[in-house]
2 protein chains.
Amino acid sequence: MNKPTILIIDDEPQIRRLLEINFVSNGYLVRQAASGKEGLLLAANLIPDIIVLDLGLPDIKGHEVLKVLREWYTKPILILSVQSNENDIIDALDQGANDYLTKPFRVGELMARIRSASRNKTTDETTQILEAGNIEIDLVGRVVKFKGEVLKLTATEYSLLVMLVKNEGKVLTHQFLLKEIWGMSFQAETQYLRVFIAQLRKKIEENPNHPQLIITESGIGYRFQQST
Amino acid sequence: MNKPTILIIDDEPQIRRLLEINFVSNGYLVRQAASGKEGLLLAANLIPDIIVLDLGLPDIKGHEVLKVLREWYTKPILILSVQSNENDIIDALDQGANDYLTKPFRVGELMARIRSASRNKTTDETTQILEAGNIEIDLVGRVVKFKGEVLKLTATEYSLLVMLVKNEGKVLTHQFLLKEIWGMSFQAETQYLRVFIAQLRKKIEENPNHPQLIITESGIGYRFQQST
DNA sequence: GAAATATATAAAGATTTTATAAAGACAATC
DNA sequence: GATTGTCTTTATAAAATCTTTATATATTTC
């Protein structure tokens with residue numbers, strides 16, 4: 001799942017930095033513009049998921065930026081401004097802003113308003129599904145189907161299978177798999193891997209003695225391949 | 001074109017009158033409720049296009065009203081409150097409020113925020129009945145029927161079942177369920193979940209020892225699936 | 001091909017997680 | 001203020017999962 005992108009259009013570097021730190025730590029991808037012109041350009045190129053716009057820009061009037069943006073941009077726009085003048089607020093909202101916060105603002109509230117604004121947009125719940133032959137993995141639902149039937153897997157088996165299928169065709173080394181699934185300190189426990197690979201094979205191979213899907217690369221690791 | 005309906009839930013008559021005058025003169029149809037209970041009832045009957053909710057109600061906590069409304073109501077909810085405490089604002093927004101204004105508010109701004117909220121109109125019709133196999137949930141009436149019979153559930157059992165059925169087929173993690181039903185600060189109380197899952201199973205599973213509907217995903221969470 | 005190394009698998013042991021009952025705490029209602 | 005229903009907490013049994021051990025089988029190396 002890709003991180004949502006936020007575009008900050010604000011001329012004050014301190015504000016930009018403050019926002020950046022908070023957005024990044026909340027899992028957003030952040031891009032910044034220091035002027036209206038730059039902001040419009042970046043918005044058109046990036047098509048961010050949210051725009052945070054300061055009305056007090058040096059070059060173009062903030063209201064103007066908002067108006068131009070709204071000619072094509074349909075995702076949430078949140079206004080930040082020192083102006084607490086009612087008419088400014090009304091104008092911005094009527095020009096298509098989704099929300100309006102006056103500086104100084106509280107960061108927690110801003111984050112909550114961002115969440116609220118972007119909530120409506122994400123209605124199309126991305127059902128990400130991995131497919132490989134008879135196997136179907138619903139990553140969002142965390143459900144694996146084998147030949148159409150729900151396959152019961154433990155947490156570790158699931159992680160291992162997802163890792164293998166995601167890297168279909170590639171050889172994954174013992175070390176890599178152990179590090180990714182069990183953690184850094186388990187890189188020597190190759191036997192764990194053998195046990196769990198055997199369990200997976202019992203569940204998804206026609207004939208576990210002659211595996212067609214999870215291939216052993218002796219001395220190196222394992223590789224998942226589509227059944228032929 | 002029909003006028004959009006606004007439901008005002010507020011115990012202060014002066015505020016209600018002030019809002020009514022302004023909404024009516026802006027072309028809205030206005031209905032009023034003086035308590036949380038009345039508000040919930042009216043909302044269920046009218047299905048208004050917007051709800052303006054005061055958090056400082058005498059009978060039920062405003063946050064509770066919001067939570068119950070959001071179980072089925074998908075249109076804009078705008079909060080009015082004397083509370084300018086940041087946590088109240090964050091909580092309300094995260095519980096699904098679309099906007100939050102602190103009293104005293106400016107009428108013009110309120111009207112603009114109402115316009116803004118109703119602009120991104122959610123086209124999806126509010127689904128009011130959930131069905132899954134033998135289970136039928138009337139979200140508006142908060143009534144669950146099992147094999148046609150009304151099933152008696154406590155508030156918590158109800159919320160949990162709704163969450164599971166709404167996400168049929170997906171695994172819901174312990175953390176997610178605890179956060180959604182008990183709140184942010186209960187994310188460690190896995191035992192609550194176990195107790196309530198057991199109670200639900202006693203009520204809806206043919207054989208609670210071998211659950212067919214509420215499936216345990218050990219170490220992860222629970223998943224609701226249609227009986228096959 | 002034989003020795004060394006690596007892998008597969010079952011099964012026992014250890015640990016974690018889950019299910020359930022039941023007691024205590026709490027709040028609402030009459 | 002007793003009663004009732006619900007939620008929270010505690011205790012314990014049961015189940016599921018993970019780890020370890022043992023041994024057979026396969027693969028690589030020389």
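On a predicted model such as this, the values are computed, not experimentally measured, just so you know. Chain letters run A, B, ... following the sequence lines, proteins first, then strands; residues in each count from 1.
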>> Between A:Asn22 and A:Met111, is the side-chain contact (heavy atoms from CB on, under 4.5 Å) condition met? List the steps.
In response: CA-CA 8 Å; A:Asn22 279 283; A:Met111 297 307 302; 4.2 Å; yes
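A straight line from NZ of B:Lys152 to C1' of D:dT4 spans 11 Å, rounded to a whole angstrom. Atoms CZ (A:Arg223) and C1' (C:dT7) sit 16 Å apart, rounded to a whole Å. Regarding B:Trp182, its CH2 atom lies at a distance of 12 Å from the C1' atom of D:dT6, rounded to whole Å. Rounded to whole angstrom, the span from the CD1 atom of B:Ile215 across to the P atom of C:dT18 amounts to 14 Å. Between A:Gln199 atom CD and D:dA16 atom C1' there is a gap of 12 Å when expressed in whole angstrom units. For B:Glu217 and C:dT18, the CD to P distance is 10 Å, given to the nearest whole Å. If you take CG of A:Leu200 and P of C:dT7, they are 17 Å apart, rounded to a whole angstrom. Atom P of nucleotide C:dA8 and atom CG of A:Leu160 are separated by 12 Å, given to the nearest angstrom.
Side-chain atoms of B:Asn209 lie closest to C:dT20 of the nucleotides C:dA19, D:dC18, C:dT20. Distances were taken from every side-chain heavy atom of A:Arg194 (C-beta onward) to each of D:dT19, C:dA6, C:dT18; the shortest belongs to C:dA6. Distances from the side chain of A:Tyr192 to the nucleotides D:dT19, C:dA19, C:dT9 place D:dT19 closest. Comparing atom distances between the A:Val195 side chain and each of C:dT18, D:dC7, C:dA10 picks out C:dA10 as nearest. Checking D:dC7, D:dT9, C:dA19 against every side-chain atom of B:Thr216, the shortest atom distance belongs to C:dA19.
Comparing A:Arg201 and B:Pro208, the nucleotide of DNA chain C nearest to each residue sits closer to the 5' end for A:Arg201. Annotation: of the two residues near DNA chain C, B:Lys202 and B:Gly219, the 5′-most nearest-nucleotide partner is B:Gly219. Toward the 5' end of DNA chain D, the nearer of the two residues B:Phe196 and B:Ser218, judged by each one's closest nucleotide, is B:Phe196.
B:Glu189 contributes no side-chain N or O that forms a donor-acceptor pair with the base of D:dT9 under 3.5 Å. Counting distance only, with no hydrogens placed and no angle test, the side-chain atoms of B:Gln191 and the base atoms of D:dT10 include a donor-acceptor pair under 3.5 Å.
In terms of phosphate contacts, A:His174 brings a side-chain nitrogen or oxygen within less than 4.0 Å of OP1 or OP2 of C:dT7.
In terms of heavy atoms, A:Gln187 sits closest to A:Leu178 at O-CD1, 3.5 Å.
Residue contacts shown for A:Thr156 are limited to sugar-phosphate atoms, with no base heavy atom under 4.0 Å away.
Side-chain atoms of B:Arg201 and B:Thr216 form a donor-acceptor pair, as typed in the model, at a separation below 3.5 Å. Between the side chains of B:Gln225 and B:Glu168, no donor N or O sits under 3.5 Å from an acceptor N or O. Looking at B:Gln14 and B:Arg16, their side chains never bring a donor and an acceptor atom within 3.5 Å of each other.
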